[in-house]
Amino acid sequence: MARGYWLLKSEPDVYGIEHLAGEPKQTARWDGIRNYQARNFLRDQVHEGDRAFIYHSQCKTVGIAGTARVVKAAYPDPAQFNPDSPYYDPKATEDKPRWFAIDIALDEVFDAVIPLKRIKQQAALEDMVLLKQGRLSVQPVTPEEWKEIHRLR
DNA sequence: GCCAACGTTGGC
DNA sequence: GCCAACGTTGGC
């Protein structure tokens, strides 16, 4: 199967690429996704070995901060079953989990974040889901877009 | 902090 | 099953 490319959004104040870089083995669970469209991509289409951009939102420099690879495909997000978690979902059951998580490992931290502004200026990137649809925290990236963004580093 | 976009909820 | 109200996301 062809390798898939993705863009994963995070809020660096909560959990960003710096946190991932500080994890043991630089590996972490990517959880807390509570948007159905994002959930569907995660559950149905993200595979082990796929690559992803780590995107920082809601912060000073909004943009792509680096890359990671998927080391474990989707499994039920444990946080949905934990009443103490902010991601708790009383409607989710072990039999019928609603939300999913993946495990990712850091690949590269870019020397500088590639700002959203810069991405918007590239004609080759004008069709990126990132620019078409505002609020989607897991989204597909084409191989061409993947390459083009690496050129902007 | 504002506000637009958009998905979900819930009354009927 | 429609659709208005509501909540969340996310750039600025």
Side-chain angles (χ1 to χ4, degrees), chain A residues 4-23 28-47 50-70 73-104 106-142 144-153:
Chain A
Y5 297 101
W6 304 93
L7 184 146
L8 304 174
K9 288 187 184 174
S10 75
E11 298 177 31
D13 294 344
V14 180
Y15 192 97
I17 203 160
E18 302 301 333
H19 297 89
L20 182 58
E23 301 282 0
R29 170 182 294 151
W30 202 260
D31 61 1
I33 301 296
R34 294 294 182 270
N35 166 289
Y36 285 98
Q37 229 181 326
R39 188 277 310 269
N40 292 345
F41 280 128
L42 213 55
R43 183 189 57 189
D44 306 333
Q45 295 187 45
V46 177
H47 300 111
D50 283 359
R51 301 300 162 91
F53 288 125
I54 303 300
Y55 179 89
H56 283 175
S57 67
Q58 317 249 57
C59 59
K60 196 153 166 260
T61 309
V62 168
I64 295 174
T67 64
R69 63 184 184 280
V70 178
Y75 56 93
D77 181 350
Q80 69 194 307
F81 308 125
N82 176 7
D84 296 328
S85 167
Y87 298 121
Y88 177 62
D89 184 343
K91 291 181 183 161
T93 64
E94 306 265 351
D95 285 347
K96 283 200 164 177
R98 241 193 212 200
W99 307 111
F100 291 80
I102 57 173
D103 290 351
I104 61 170
L106 182 68
D107 260 345
E108 37 181 354
V109 179
F110 292 163
D111 294 337
V113 172
I114 300 172
L116 177 59
K117 218 178 186 177
R118 183 110 189 277
I119 294 168
K120 284 181 175 168
Q121 289 165 355
Q122 306 299 316
L125 297 174
E126 66 184 5
D127 290 330
M128 273 192 84
V129 177
L130 181 66
L131 307 182
K132 299 269 173 188
Q133 188 177 346
R135 306 161 309 127
L136 185 57
S137 48
V138 177
Q139 54 180 257
V141 171
T142 69
E144 292 74 24
E145 289 161 354
W146 182 265
K147 239 200 286 183
E148 185 65 24
I149 282 169
H150 276 83
R151 245 196 298 270
L152 297 180
R153 274 189 304 167

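Computed from a predicted structure; not experimentally measured. In the text below, chain A, chain B and the rest are named by the order of the sequence lines, each starting its count at 1.
Following rounding to the nearest Å, Gln121(A) (CD) and dG11(C) (C1') show an atom-to-atom distance of 15 Å. One atom, CD1 of Ile64(A), and another, C1' of dG10(C), lie 15 Å apart when rounded to the nearest Å. When rounded to the nearest whole Å, the span between CD1 of Ile119(A) and C1' of dG10(C) equals 14 Å. Put simply, CD on Gln58(A) is 13 Å from C1' on dC3(B), counting in whole angstrom units. To the nearest angstrom, P of dT9(C) lies 16 Å from CG of Leu7(A). Here the P atom of nucleotide dT9(C) and the CG atom of Leu131(A) are 20 Å apart, to the nearest Å. We find that CD1 of Ile33(A) is positioned 12 Å from C1' of dT9(C), with the value rounded to whole Å. Note: NZ (Lys9(A)) to C1' (dG10(C)) measures 7 Å, nearest angstrom.
Ring geometry for His19(A) versus Tyr15(A): interplanar angle under 30°, hence parallel rather than tilted (30 to 60°).
The only member of Arg98(A), Arg34(A), Arg39(A) that meets side-chain hydrogen bond (donor to acceptor under 3.5 Å, both in side chains) when paired with Asp77(A) is Arg34(A). For the ring-ring contact (aromatic ring centres under 6.0 Å, His included) criterion with Trp6(A), the lone passing option out of Phe41(A), Phe53(A), Tyr55(A) is Phe41(A).
A salt bridge links Glu148(A) with Arg151(A): at least one charged nitrogen is closer than 4.0 Å to a carboxylate oxygen. For Glu126(A) and Lys132(A), the salt-bridge test fails: no basic side-chain N is under 4.0 Å from an acidic carboxylate O.
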Kindly give the atom pairs (protein nitrogen or oxygen, nucleotide nitrogen or oxygen) under 3.5 Å for nucleotides 6-8 of chain C.
| residue | atom | partner | partner atom | Å |
| --- | --- | --- | --- | --- |
| dT8(C) | O2 | Arg135(A) | NH1 | 3.4 |

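Of the side-chain N and O atoms in Tyr36(A), none sit less than 4.0 angstrom from OP1 or OP2 of dT9(C).
Using a 4.0 Å heavy-atom cutoff across all strands shown, Lys120(A) reaches sugar-phosphate atoms only and no base atom.
For Trp99(A) and Tyr36(A), the ring centers sit closer than 6.0 Å to each other.
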